[in-house]
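Written out below as structure tokens is the structure these notes cover.
In this text, all values refer to a predicted model and were calculated from it rather than measured experimentally. Below, read A as the first sequence line, B as the second, and so on, with proteins coming before strands; counting in each chain starts at 1.
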Amino acid sequence: MGHCFCSSGKSTSLFPGRNNKNDWTGRSRGRAFTNAYKGNGGEKTLRMSSLFAPTLKENPQEAEIVSHSFMLRAGMIRQLSSGIYAFLPLGLRTISKITKIIKEEMDRAGGQELLLPALHPGELWKETGRWEVYGPELIRLKDRKDRDFCLGPTHEEVITDLARREIRSYRQLPLLLYQIQTKFRDEIRPRFGVMRAREFIMKDLYSFDRDFEGLEISYQKMYNAYCRIFDRCDLSYEVVPAESGVIGGAVSHEFLVLADSGEEKLLICPTCNFSTTQDEERCPHCGTDLEEKRGIEVGHIFQLGTKYSEPMKAYFVDRDGEEKPLIMGCYGIGIGRTMAAAIEAYHDDKGIQWPLSIAPYEVAIIPINWKNAKQREVAEEIYQESQEKGFEVVVDDREFSAGYKFSEADLIGFPLQVIVGEKMSQEGKIEVKVRKNDQRWEAKKEELFTLLFKLKEELASKA
RNA sequence: CGGGGCGUAGCGCAGCCUGGUUAGCGCGCUUGACUCGGGUUCAAGAGGUCGGCCGUUCAAAUCGGCUCGCCCCGACCA
């Protein structure tokens, strides 16, 4: 199908000479929006007839866990090769939502965003010894002059190189620099879609302090920021002291979203808030038997100390005139993984139940029968008004059966669905469905937005 | 890398064991009609180097060898 039946007849278009197809974005309509969209989430509104979201009715054979399956089925991602994925428009919107939350919290904590290269000279990695240590997971290549390069799996070397060139004095500290960027790791076994990919989007922040007291403070700031981020994504998580692996350093914590499909095993004390990834039977604090759960590692923070600054000679001059190595920390969040974790946490057999804060769109308007003039008209009006009131909204303007539209809306997981059907024609009532609990509400058109604001607020405040 | 599985139309699968005309089915897609509150119904149609290469054979999707790709279990990680 895919016809664009626009609101013909009532010519509100600014372009009377052209046909009404020009009103498809809602923006070109020329109405002044009171709520200009701030952020990087793309257009606020969309007609489903033009949405590129190739949905699948059946479960793709390669998908073993729900998040992978639903991301494919909802048309959010497509695989290019093992562990390498394209994010399609809907998927990218959620990625952008998560990214936006992360940026806001990094900025709030005093971070400054930058963008480092993904292509790294091999020499830098040889300086720290990780050219050897990282092993085959490091994707290596050579330039035309046969010089060694690699695709960055993480950025300690590159940021430390920048720091040693530019940081001279304690007066420049503390410094928190972060980026959101694609990382490359030739994983032994890519798995579960974007959960463990070879190319993936990560937020990585690096802290530079003059001493370990400063590092403690930076570390605590990040710890708190991470809590805020995962809270805002509506995820329930555990923070667990962890091994620091190849990244190195002394102190480290993992942020795990609880999910049965998680790759990480963790033990939680049901009485106090102790949790660990180590094998223990009883809580060392209160002696209670620990419960075994599984989690998805979505974030990891490390106190690096001088692990990189020392070998790379990243020194600054302290207040006392002495040259000292920068004290560093690094802090990562897997963005695609966070998205997958949210789906693992919020879904039913029909599809995704996005938390409002990271849903690709907040509201789907579903006229049962697009050929019904009355329904179409009302849907258009609601669509228009939704835009003006600042909702991120799609309207399903396709001539598909009601069942098809409902199924697809549930699969994609729009948190709120506004259904315009027979009740509209008969009693003037519009139905609103809350995706996550299947609650149904009814409202006359005049009261619809009061209801929508109320429901949106409830969904937003629900942590 | 060790172990297991898979590769046939866009997706999900059958056919292979026991080789034999034109390679099937469901969904999706195109066209027309029907229907319009939970992936609606009917009709017509388009769409395939059977992952690739080599071999066996009169004959290969089917048998053998090699190879490539993908998925799952283990060690690694955001």
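- Distance from the side chain of A/E431 is smallest for B/G37 among the nucleotides B/G37, B/A78, B/C76.
- Listed by first and then second residue, the side-chain hydrogen bond (donor to acceptor under 3.5 Å, both in side chains) pairs involving residues 74-84 of chain A are A/Q79-A/Y85 (not counting sequence neighbours).
- Using C1' as the reference atom, B/C72 and B/C25 are 27 Å apart when rounded to the nearest Å.
- With respect to A/K126 and A/D148, a salt bridge is recorded, a charged nitrogen being found less than 4.0 Å from a carboxylate O.
- Contacts of A/R78 with the nucleic acid, taken as non-hydrogen atoms under 4.0 Å apart, are absent.
- For the ring-ring contact (aromatic ring centres under 6.0 Å, His included) test, no residue two or more places apart in sequence or in another chain qualifies with A/F212.
- Side-chain atoms of A/R73 and base atoms of B/G28 include no donor and acceptor less than 3.5 Å apart.
- On the C1' atoms, B/C1 is 32 Å away from B/C13, given to the nearest whole Å.
- Electrostatic pairing of A/K389 and A/E385 counts as a salt bridge here, judged by a charged N lying under 4.0 Å from a carboxylate O.
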Each nucleotide N or O in nucleotides 4-11 of chain B that has a protein N or O under 3.5 Å away: list the pair and distance.
none

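- When distances are taken from the side chain of A/F406 to each of B/G37, B/U35, B/G74, the shortest belongs to B/G37.
- Between B/C77, B/C73, B/G37, one nucleotide has an atom nearer to the side chain of A/R196 than all others, and that is B/C77.
- In this structure, A/P136 reaches neither bases nor backbone, as no heavy-atom distance under 4.0 Å exists between it and the strands shown.
- A salt bridge does not link A/K350 with A/D438: every distance from a Lys NZ or Arg NE/NH1/NH2 to an Asp or Glu carboxylate oxygen is 4.0 Å or more.
- Looking at A/R185, its side chain does come within 3.5 Å of a backbone N or O of A/P153 through a donor-acceptor pair.
- Checked against B/C70, B/C77, B/G37, the side chain of A/K423 finds its nearest nucleotide in B/G37.
- Spacing between B/C16 and B/C73 at atom C1', rounded to whole Å, works out to 27 Å.
- Of all nucleotides listed (B/G37, B/G38, B/C76), B/G37 comes nearest to the side chain of A/I368.
- Under 4.0 angstrom from either OP1 or OP2 of B/C73 there lies at least one side-chain N or O belonging to A/R189.
- For B/A78, the base is stacked against the aromatic ring of A/F200, per a cut-off of 5.5 Å between centres and 30° between planes.
- We find that A/E156 and A/K307 are not joined by a salt bridge, their nearest charged nitrogen and carboxylate oxygen being 4.0 Å or further apart.
- A donor and an acceptor atom sit less than 3.5 Å apart, one in the side chain of A/D410 and one in the base of B/G38.
- Contact check, A/S81 against B/C70: a side-chain N or O comes under 4.0 Å of OP1 or OP2.
- Going from the C1' atom of B/G74 to that of B/C27 covers 37 Å, rounded to whole Å.
- Comparing A/E297 and A/I188, the nucleotide of RNA chain B nearest to each residue sits closer to the 5' end for A/I188.
- At the heavy-atom level, A/A197 lies under 4.0 Å from base atoms of the strands shown.
- Nucleotides B/U67 and B/G2 are separated by 13 Å at their P atoms, to the nearest Å.
- For the pair A/D234 and A/R232, the salt-bridge criterion is not met [side-chain N within less than 4.0 Å of a carboxylate O].
- Applying the ring-ring contact (aromatic ring centres under 6.0 Å, His included) test to pairs two or more places apart or on separate chains, none has a residue in residues 187-207 of chain A.
- B/C76 and B/U40 have their C1' atoms separated by 50 Å, given to the nearest Å.
- For the P atoms, the distance from B/A9 to B/G47 is 15 Å, rounded to whole Å.
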Show me the side-chain donor-acceptor pairs of residues 442-450 of chain A shorter than 3.5 Å, one per line, residues at least two apart or across chains.
from	atom 1	to	atom 2	distance (Å)
A/E442	OE2	A/K423	NZ	3.1
A/K444	NZ	A/E427	O	3.4
A/K445	NZ	A/E381	OE1	3.1

Just the atom pairs and distances: protein N or O near nucleotides 14-16 of chain B's N or O, under 3.5 Å.
none

